[in-house]
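What you see below is based on every heavy atom in this structure, not just the backbone, and it leaves out hydrogens, waters and symmetry mates. In this text, all values refer to a predicted model and were calculated from it rather than measured experimentally. Ligands are counted one by one from 1 in listed order, and the atoms in each one are counted from 1 as well.
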Amino acid sequence: MNAPLRRLTPKIHAIIGASPEVRLEALKAQPFVAYGTAKRISDRLEELLISKRSHRPASILISGPTNNGKTMLVNRFIGLHPPDDDPSAEAITAKVLYVQMPPTPDPRQFYTSILDRLNAPVRRTAILSQLQSQALRLVEAVGLKVLVIDELHNIHSGRVEQQRAFLNVLRYVSNEKQIHLVGCGLITAVRALQSDEQLANRFEHWPLPKWTSENGTRALLNTLESTLPLQHASELSQPDIMSRVLALSGGTIGEIVRLVNAAAAEAIQNGAERIDASVIDGLRWIPPGDRRRAAELSLGYRD
Ligand SMILES: Nc1ncnc2c1ncn2[C@@H]1O[C@H](COP(=O)(O)OP(=O)(O)OP(=O)(O)O)[C@@H](O)[C@H]1O
Ligand SMILES: [Mg+2]
């Protein structure tokens, strides 16, 4: 029986009485969990999209540790605004575009990624200035407003002069076509942006720090619980469960979601239909920070 006043998403509500097999299958489709900062960043990104073109386009940096939801957040935004390639329209429109920062700050690869994303033919023998003008013409033609650049910290894998030259490229693209830049990356990306005075002046920093007992983890766990097809309430935000989840996950959302889903699967399989401390302890979850040591131990590298 369901506990009174339990909050479930409509999708989960619809299948809560279904067989364990159906519910185990449903667990695999982890939905996007809209936690507080994610909502605020998403709202800000939507604002950029409807804002008038400006000679001072915004640059936004979403920074945080690995596995902490940066790419998922921008992917969701991109998914909400897919390119419109209606064959009856005169040209495709793509208001938002996602590219990955090349492994080194190489403008050729950067422009090539933009062209590839827009399915434009790229002449591999083209010189940089040709790629640049082709890419800039195209972003104007499709009406691009927001360019998302993931893995922006890769900028640091170049020499200082290359880094500076790449920042010039970013600034040029943004100013020339009045495009808002949204970078995602590890915290080291902040240093890169700060080293360019003009970008630094107008860039907004949105950190996604690791989850702790003080920064909204309770709300995150409550929302996450509403996505679990379990027949009884678990109350994941209770202190004893929350502290276990934080300790075993190392505080990243990717690991928190994986751990909670593994616990939910176990609770369906063993018939408990709720996650409690014993279900979590029974998983024998190794925190990410200890995994290398555990692997080495299992291979007999250490004693
Ligand atoms: N809002 C969310 N709702 C549900 N699951 C999420 C959410 N954000 C992240 N996750 C989970 O965390 C995993 C890691 O997220 P993501 O790939 O966005 O991390 P990242 O910060 O981009 O890491 P990296 O720096 O390594 O690229 C995702 O695959 C997903 O399972
Ligand atoms: Mg990522």
Exercise. Does the protein put any heavy atom within less than 4.0 Å of atom 19 (O) of ligand 1?
Worked result: yes
For this session: Step by step, work out the side chain to side chain contact (heavy atoms under 4.5 Å, CB included) result for Ile280 and Val245.
Result: CA-CA 8 Å; Ile280 293 181; Val245 169; 4.0 Å; yes
Exercise. To which protein heavy atom is atom 17 (O) of ligand 1 closest, and what is the distance rounded to 0.1 Å?
Worked result: Thr71 CB, 4.0 Å
Exercise. Looking at Ile275, Leu27, Leu220, which one forms a side chain to side chain contact (heavy atoms under 4.5 Å, CB included) with Val260?
Worked result: Ile275
Exercise. Would His205 and Ser63 satisfy side-chain hydrogen bond (donor to acceptor under 3.5 Å, both in side chains), going step by step from the backbone distance to the final call?
Worked result: CA-CA 7 Å; His205 183 201; Ser63 78; 2.7 Å; yes
For this session: Give, for atom CZ of Arg23 and atom CG of Leu228, the distance between the pair rounded to the nearest 0.5 Å.
Result: 11.0 Å
Exercise. Among protein heavy atoms, which sits nearest to atom 11 (C) of ligand 1, and what does the distance come to when rounded to 0.1 Å?
Worked result: Gly254 CA, 3.8 Å
For this session: Please determine if Asp106 and Arg159 form a salt bridge, counting it only when a charged side-chain N lies under 4.0 Å from a carboxylate O.
Result: no
For this session: Output the list of atoms in ligand 1 that are nearer than 4.0 Å to some heavy atom of Phe32, sorted by atom number.
Result: 1 (N), 2 (C), 3 (N)
For this session: Give the residue and atom name of whichever protein heavy atom lies nearest to atom 14 (C) of ligand 1, and the separation in Å to one decimal.
Result: Asn67 OD1, 3.0 Å
Exercise. Is the Mg ion (ligand 2) less than 2.8 Å from at least one N/O/S atom of Thr66?
Worked result: no
Problem set entry | Reported CZ-to-CG distance for the pair Arg164 and Asp196, which is rounded to 0.5 angstrom | 9.5 Å
Exercise. Looking at ligand 1, does Pro31 have a heavy atom less than 4.0 Å from it?
Worked result: yes
Exercise. Does a sphere of radius 6.0 Å around CD in Glu161 hold more than 12 heavy atoms from other residues, nucleotides or ligands, not counting ones at 6.0 Å or beyond?
Worked result: yes
For this session: Among all protein heavy atoms, pick the one closest to atom 15 (O) of ligand 1 and tell me residue, atom and distance.
Result: Gly69 N, 3.5 Å
Problem set entry | Whether Glu151 lies under 4.0 Å from ligand 1, heavy atom | yes
Exercise. Is there any N or O on Tyr35 that sits under 3.5 Å from an N or O of ligand 1?
Worked result: no
Exercise. Do side-chain atoms of Glu176 reach the backbone of Val173 as a donor and acceptor pair under 3.5 angstrom?
Worked result: no
Exercise. Is any N or O atom of Val33, backbone or side chain, closer than 3.5 Å to an N or O atom of ligand 1?
Worked result: yes
Exercise. Which protein non-hydrogen atom lies closest to atom 21 (O) of ligand 1, naming both residue and atom, and how far is it?
Worked result: Lys70 NZ, 2.7 Å
Problem set entry | Nearest-contact summary for atom 29 (O) of ligand 1 - protein heavy atom, Å | Met72 SD, 4.6 Å
For this session: Mark yes when over 12 heavy atoms from residues, nucleotides or ligands other than Arg218 sit less than 6.0 Å from its CZ; otherwise mark no.
Result: no
Problem set entry | Protein heavy atom at shortest distance from atom 31 (O) of ligand 1 | Val257 CG1, 4.6 Å
For this session: Please check if atom CD in Glu140 has more than 12 non-hydrogen atoms from other residues, nucleotides or ligands closer than 6.0 Å.
Result: no
Problem set entry | Non-hydrogen atom of Pro65 closer than 4.0 Å to ligand 1 | yes
For this session: Could you tell me the residue and atom name of the protein heavy atom closest to atom 26 (O) of ligand 1, and the distance to it rounded to 0.1 Å?
Result: Thr66 OG1, 2.5 Å
